[in-house]
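Reviewing the structure listed below.
Residue indices begin at 1 and follow the sequence shown.
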Amino acid sequence: QMPGTARHDREMAIQAKRNLSKTTDPVERLRLQCLARGSAGIKGLSRVFRIMDDDNSRTLDFKEFVKGLNDYAMMIDKEEAQEIFQIFDKDGSGTIDFDEFLVTLRPPMSKARKEIIMQAFRKLDKTGDGVITIEDLRGVYNAKHHPKYQNGDWTEDQVFRAFLDNFDSPYDKDGKVTTEEFMNYYAGVSASIDTDVYFIIMMKNAWKL
């Protein structure tokens, strides 16, 4: 289990639900509805979109966008969906790009938070190639303390794989974690933490930075 994440997840979900009643900004409303499902909420929505992207274009038209929101049970009326779609469709092409959508939807983070997240990433990325893999973890993370390793259920590699799956995009669990995926994960956690100072302390403790 990732250090301290379950509790933050609950706090974040509660806070997001509370803030929903206060905001009129359509993008913020969509963001909060996702976060109300925990830090993987935004990833979950992207997964729905990914499934609908039949031609693998990594883009969605308005019809697909609305269908995706409905499939994910987002409470958004057509006018609001239209407004959000137009914000994301910056060039007016009638389609929106997945990745752009996710980056815009991700809760904004201060420079200080991004820096500490990257510090943790670099510590885990032993080989320095910008991707965290099982190989990297062998040098940093001790699997032998894991209860499932101790009782013989899992091998060392299975412990590492489960650890990586925390951060991995749900539609694409490939045992590799990119900076983008790591950032996305922590953007969710970050949304539940009000001050930079507290976020940085949490990261330092969690990753012994």
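Between Lys78 and Phe62, the closest side-chain pair of non-hydrogen atoms falls below 4.5 Å. Counting only heavy atoms from C-beta outward, the side chains of Leu124 and Trp207 approach each other to under 4.5 Å. Taking the side chain as every heavy atom from C-beta outward, Pro108 and Arg31 approach each other to under 4.5 Å. Using a 4.5 Å cut-off on side-chain heavy atoms (C-beta onward), Phe101 and Leu45 make contact. In this structure, the side chains of Lys114 and Met183 come closer than 4.5 Å at one or more pairs of heavy atoms. At least one side-chain heavy atom of Asn19 sits less than 4.5 Å from a side-chain heavy atom of Lys22.
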Discussion item. Would Phe85 and Val66 count as a side chain to side chain contact (heavy atoms under 4.5 Å, CB included) here? Give the steps.
Written reply: CA-CA 9 Å; Phe85 191 84; Val66 171; over 6 Å; no

Fill in: Evaluation steps, side chain to side chain contact (heavy atoms under 4.5 Å, CB included), between Lys126 and Val140
CA-CA 8 Å; Lys126 265 279 182 264; Val140 205; 3.7 Å; yes

Practice prompt. Evaluate the criterion side chain to side chain contact (heavy atoms under 4.5 Å, CB included) for residue pair Arg106 and Glu180; output intermediate values, then yes/no.
Written response: CA-CA 11 Å; Arg106 193 167 72 186; Glu180 186 63 84; 2.6 Å; yes

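Residue-environment remark: NZ (Lys123) exceeds the threshold of 12 foreign heavy atoms within 6.0 Å. No more than 12 heavy atoms of other residues, nucleotides or ligands sit less than 6.0 Å from atom CE of Met75.
Of all non-hydrogen atoms in Leu69 and Ala81, the two that sit nearest each other are CD1-CB, 4.3 Å. Shown here for Ala16 and Ala36, the closest heavy-atom pair between the two residues is CB-N, 3.7 Å. For the pair Glu83 and Pro26, the tightest heavy-atom approach, listed with the atom from each and the gap, is OE2-CG, 3.4 Å. The shortest non-hydrogen separation linking Val177 to Phe121 is O-CE1, 3.7 Å. Considering all non-hydrogen atoms of both residues, Phe65 and Ile96 come closest at CD1-CD1, 3.7 Å. Across all their heavy atoms, Ala112 and Asp196 have their closest contact at CB-OD2, 4.0 Å.
Between the side chain of Asp136 and the backbone N or O of Thr133, at least one donor-acceptor pair lies under 3.5 Å. Judged by distance alone, the side chain of Gln33 and the main-chain N or O of Leu30 form no donor-acceptor pair under 3.5 Å. Distance alone, capped at 3.5 Å, is enough to place a donor-acceptor pair between the Ser21 side chain and the Arg18 backbone. Proximity of a side-chain donor or acceptor of Asp89 to a complementary backbone N or O of Gly94 within less than 3.5 Å is detected. Using a distance-only test at 3.5 Å, with no hydrogens or angles considered, no donor-acceptor pair links the side chain of Arg113 to the main chain of Phe199.
Atom NZ in Lys67 sits 8.0 Å away from atom CG in Asn70 (nearest 0.5 Å). Here the straight-line distance linking atom CG of Leu137 with atom CG of Leu164 works out to 4.5 Å at 0.5 Å rounding. Note that CG of Leu105 and CG of Leu35 are 7.5 Å apart. Values are rounded to the nearest 0.5 Å. If you take CD1 on Ile87 and CD on Gln82, they are separated by 11.5 Å, rounding to the nearest 0.5 Å. Rounding to the nearest 0.5 Å places CZ of Phe163 at 14.0 Å from CG of Asp157. In this structure, the separation between CD on Glu181 and NZ on Lys176 is 10.5 Å, given to the nearest 0.5 Å.
Both Tyr198 and Ile117 are part of a single hydrophobic cluster, where members link through side-chain heavy atoms under 4.5 Å apart. A continuous path of hydrophobic side-chain contacts links Met109 to Met202 [ILVMFWY only; heavy atoms under 4.5 Å]. Residues Phe88 and Leu32 do not share a hydrophobic cluster, clusters being chains of Ile/Leu/Val/Met/Phe/Trp/Tyr side chains in contact below 4.5 Å. In the hydrophobic clustering of this structure, Met203 groups with Met118; members are Ile, Leu, Val, Met, Phe, Trp, Tyr whose side-chain heavy atoms approach within less than 4.5 Å, directly or through other members. By the rule that hydrophobic residues join a cluster once side-chain heavy atoms approach within less than 4.5 Å of another member, Ile116 and Phe167 end up as members of one cluster.
A donor-acceptor pair shorter than 3.5 Å can be found between the side chains of Asp91 and Ser93.
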